[in-house]
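Worksheet: the structure to be examined is printed underneath.
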Amino acid sequence: QVQLVESGGGLVQAGTSLKLSCVVSGLTFSTKSMGWFRQAPGKGREFVAAITGSGGFTFYADSVKGRFFISRDDAKNTVSLQMNSLKPKDTAVYYCAGKGNSMDYSRVSAYDSWGQGTQVTVSS
């Protein structure tokens, strides 16, 4: 059974940093491309970042490029999201997701496994 468990969310002030982690079990993690999405109240789930199974390629939404950084540790079956220079508009529930076979890294439908989410709230 595939499980993705996020941690690291919380309430922080604008301009500060936060690191999210996602521990994955039940699949061959090292070959699985992984992504992070977020969903703000009243809005749809949106792509944040993704990393390929090899870790050789990363992808970012324009809204977070240069501030957020995705990484993975295959020895620990963990994918992380380092979030710097946080803004109030980054407030959302953040989800870790495992990608299926689709070539589009930014689409929700390209991912076939999801965590339960972790809340990130950025105060001004």
Side-chain angles (χ1 to χ4, degrees):
Q1 160 189 1
V2 177
Q3 283 192 316
L4 293 80
V5 180
E6 302 99 333
S7 62
L11 171 62
V12 297
Q13 289 190 328
T16 61
S17 300
L18 203 60
K19 186 174 183 178
L20 306 182
S21 295
C22 174
V23 179
V24 183
S25 60
L27 53 78
T28 305
F29 181 76
S30 61
T31 60
K32 189 78 165 177
S33 294
M34 300 295 299
W36 285 95
F37 286 74
R38 66 187 181 186
Q39 188 164 14
K43 295 189 176 181
R45 195 166 295 190
E46 67 170 359
F47 171 74
V48 175
I51 187 167
T52 58
S54 63
F57 294 95
T58 56
F59 308 88
Y60 296 95
D62 288 342
S63 59
V64 306
K65 202 170 292 183
R67 299 189 299 124
F68 290 14
F69 300 93
I70 189 171
S71 62
R72 64 188 298 150
D73 184 341
D74 289 347
K76 297 182 179 179
N77 280 18
T78 298
V79 58
S80 299
L81 185 68
Q82 177 67 46
M83 306 186 293
N84 301 325
S85 302
L86 282 162
K87 305 175 181 180
K89 65 180 181 179
D90 295 318
T91 295
V93 177
Y94 283 72
Y95 297 90
C96 168
K99 189 176 171 300
N101 294 325
S102 168
M103 292 299 294
D104 191 340
Y105 282 84
S106 65
R107 292 179 63 177
V108 170
S109 60
Y111 293 78
D112 55 14
S113 52
W114 294 84
Q116 82 290 348
T118 186
Q119 177 71 47
V120 173
T121 303
V122 184
S123 64
S124 57

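All heavy atoms count here, side chains included; hydrogens, waters and symmetry mates do not.
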So which heavy atom on [X] is nearest to which on [Y], and how close?
X: T78; Y: S80; answer: CG2-OG, 3.9 Å
X: P88; Y: S123; answer: CG-C, 4.5 Å
X: Y105; Y: A50; answer: CD2-CB, 3.8 Å

From [X] [atom1] over to [Y] [atom2], what is the distance, rounded to the nearest 0.5 angstrom?
X: I51; Y: S33; atom1: CD1; atom2: OG; result: 8.5 Å
X: Q1; Y: S25; atom1: CD; atom2: OG; result: 7.5 Å
X: S21; Y: Q82; atom1: OG; atom2: CD; result: 9.5 Å
X: Q119; Y: T91; atom1: CD; atom2: OG1; result: 7.5 Å
X: Q13; Y: S124; atom1: CD; atom2: OG; result: 9.0 Å
X: R45; Y: S109; atom1: CZ; atom2: OG; result: 12.5 Å

My understanding is that only residues two or more places apart in sequence, or in another chain, count here; which of them pass side-chain hydrogen bond (donor to acceptor under 3.5 Å, both in side chains) with [X]?
X: D90; result: R38, R67
X: S17; result: N84
X: K65; result: D62
X: S71; result: none

With the 4.5 Å side-chain cut-off for hydrophobic clustering, are [X] and [Y] part of the same group?
X: V23; Y: L27; answer: no
X: M34; Y: V93; answer: no
X: L18; Y: V48; answer: yes
X: W36; Y: V5; answer: no
X: W114; Y: F59; answer: yes

Salt bridge (charged side-chain N to carboxylate O under 4.0 Å, His left out) pairs, two or more places apart, involving [range]:
range: residues 17-31; value: none
range: residues 106-116; value: K32-D112
range: residues 47-59; value: none

Derivation and outcome, side chain to side chain contact (heavy atoms under 4.5 Å, CB included), residues S113 and L4: CA-CA 8 Å; S113 52; L4 293 80; 3.7 Å; yes

Apply side-chain contact (heavy atoms from CB on, under 4.5 Å) to A49 and list each qualifying residue two or more places apart in sequence or on a separate chain. Y60, I70, L81

Measure from the ring center of Y111 to the ring center of F37 and say whether it is less than 6.0 Å. yes

Checking side chain to side chain contact (heavy atoms under 4.5 Å, CB included) for the pair M83/L20: CA distance, chi angles, key distance, verdict? CA-CA 8 Å; M83 306 186 293; L20 306 182; 3.7 Å; yes

Considering residues at least two apart in sequence or located in another chain, which fulfil the ring-ring contact (aromatic ring centres under 6.0 Å, His included) criterion with F29? none

Taking only residues two or more places apart in sequence, or in another chain, which ones meet D104 in a salt bridge (Lys or Arg N to Asp or Glu O under 4.0 Å)? none

Applied to residues 61-95, the ring-ring contact (aromatic ring centres under 6.0 Å, His included) test, sequence neighbours excluded, yields none

Q39 (side chain) donor-acceptor with A92 (main chain) under 3.5 angstrom: no

Show me the pairs that pass disulfide bond (SG atoms under 2.5 Å apart) and involve residues 35-124, at least two apart or across chains. C22-C96

